[in-house]
Amino acid sequence: MSANDLTIGIAGLGTVGTGVIRILQAERTYGGSDRTVVLKGVSARDRSRDRGVALDDVAWFDDPVALARSDVDVFVELIGGEGGVALEAVEAALDAGKAVVTANKALLAAHGMALVEKAEAANAPLLYEAAVAGGIPAIRTVRDYLAGVPIASVLGIMNGTCNYILSEMEMGGYTFEACLAEAQRLGYAEADPTFDVDGFDTAHKLAILSSIAFTTRLDASAVQVEGIRGIEPEDLAAAEELGYRIKLLGIATFVDGSVDQRVHPTMVPRGSALAETMGVTNAVSIRGPAFGELALAGPGAGGDATATAVVSDLTDLARGLAPRPLGRPAGMLTPFRKAEASGHYGAFYVRLPIADRAGMFAALAAAMASEGISLEQIVQKTPHRPEHMPERAEQTVILVTYPTTEAALKRALSRIQADEVVVREPHVIRIAASL
Ligand code: HSE
């Protein structure tokens, strides 16, 4: 160790933490800066576990807060969770004026503004490239490369677990549960995978990117969120028939000084870059009047890919680069204003479990027409019924609308439901004809 080294302490030795250690051991050879990044302390729950990395010369801390206050230049938080000890340790490090590197999007979504203000007050860098889209340099691109350039929208596939599940369900015909279990085994999923499948992880990442892109204060509570739990194999099959693939998209758009932030499953045209983004790969598309579209794709989850982003932040610090956490000083960010007319404008796919009866199609079309919605397709899916089986009362009808607003569709669907034709909640998927 030399006086010129950048010393770090890592709290959390899961797949990302051990990935960082493995890369740093190789980094000694490659060298990202004239300062060497040296691991000085670690903290994790179980000291006795063999993690396949050498920790002989590294100080062990049972308490991550003590590690955050210890004699290291950078505290690396890889514990996870939106509060608790992760928050306590990050606050302790910033209070002590230390640089913090974190992969924790839930923490940033919940406490981002307060942490950014604390970091700026202490003149301590707070870097978090790993928090958004795993190994893709999405934060850097928006915060540094596009700094000062107007951005109209940021959108994409930002959750590896969901994209993996949807891809496997479609390609391999596996169940949702089996695909989720495999995503957990591969280290893609969050400790609590409901964050992934219910869309919150994407919402956290979207809110962070959106704040930097549109230079507003960070507000993750303003994201309209819907996950992939309701997607059935018949939706994937119907999407294929219609020429689409279903993807969980995060979409943030700047509209007249306000921001529309949404996360929901979306049918995207087969052949488009988003539709062809399969498995754990993430894709982030940034659009603006001056540059058109900038598209980034890469591994969105997984220990080593996410560790790459952590090491990239550490190398920036070793090089003496310390950008403002949200690009601009917190005091210069505009207040977050949620767009009034929020939601998808376009075509919709609606799966309706209905009680079959004469005149049902006419009733559905009339309810849609009452809201000015025209139907492009209306298809009744009659399940195969062996001779000896009794007639099933429940049938599935699939509607594809022409472009309309979410609000109009919602009103039409409540009319249909009031008519008691629909026996369970309709399932709606937005269709993005061009993305
Ligand atoms: N659980 C996250 C995902 C990890 O699946 O994308 C990366 O943030």
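Whatever order the structure lists ligands and atoms in, that order sets their numbers, starting from 1. These numbers come from a predicted model, not from an experiment.
Short contacts between ligand 1 and K205, defined as distances under 4.0 Å to a heavy atom of the residue, involve ligand atoms 2 (C), 3 (C), 6 (O), 7 (C), 8 (O). Atoms of ligand 1 found under 4.0 Å from any heavy atom of A301, numbered from 1 in the order shown, are 3 (C), 4 (C), 5 (O), 6 (O), 7 (C). Within the listing of ligand 1, atoms 1 (N), 2 (C), 3 (C), 4 (C), 5 (O) sit less than 4.0 angstrom from a heavy atom of Y188. Listed by atom number, the atoms of ligand 1 under 4.0 Å from K105 heavy atoms are 4 (C), 7 (C), 8 (O). Applying the 4.0 Å criterion to heavy atoms of G160 picks out, from ligand 1, the atoms 3 (C), 5 (O), 6 (O). Residue-ligand proximity, D196 to ligand 1, at heavy-atom distances under 4.0 Å covers atoms 1 (N), 2 (C), 3 (C), 5 (O). When each atom of ligand 1 is checked for a heavy atom of G300 under 4.0 Å away, the hits are 6 (O), 7 (C).
Applying the 6.0 Å contact sphere to CZ of R69 captures no more than 12 heavy atoms from other residues, nucleotides or ligands.
For N163 (side chain) and T277 (main-chain N/O), a donor-acceptor pair under 3.5 Å exists by modelled atom type. When atom types are taken as modelled, the side chain of N104 and the backbone of G81 share a donor-acceptor pair closer than 3.5 angstrom.
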Before giving the answer on side-chain contact (heavy atoms from CB on, under 4.5 Å), spell out for V100 and L127 the whole-Å C-alpha distance, their side-chain angles and the decisive distance to 0.1 Å. CA-CA 6 Å; V100 169; L127 299 181; over 6 Å; no
Salt bridge (Lys or Arg N to Asp or Glu O under 4.0 Å) for K118 and E91? Distances and angles first, verdict last. CA-CA 8 Å; K118 194 181 263 297; E91 285 179 334; 5.2 Å; no
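Residue-level proximity to ligand 1 for N282 is absent, since no heavy atom of it falls below 4.0 angstrom. If you look at T161 next to ligand 1, the close heavy atoms, those under 4.0 Å, come from the backbone and the side chain alike. Residue contacts with ligand 1, taken as heavy atom pairs separated by less than 4.0 Å, involve A189 solely via the backbone atoms N, CA, C and O.
What sits closest to atom 2 (C) of ligand 1 on the protein, heavy atoms only, is E190 OE2, 3.1 Å.
Using a 3.5 Å distance cut-off with no hydrogens or angles, the side chains of S285 and E293 do pair a donor with an acceptor. Side chains of Q224 and E406: a donor-acceptor N/O pair is present below 3.5 angstrom, by distance only. Under the 3.5 Å distance criterion, with hydrogens and angles disregarded, a donor-acceptor pair is assigned to the side chains of D235 and Y349.
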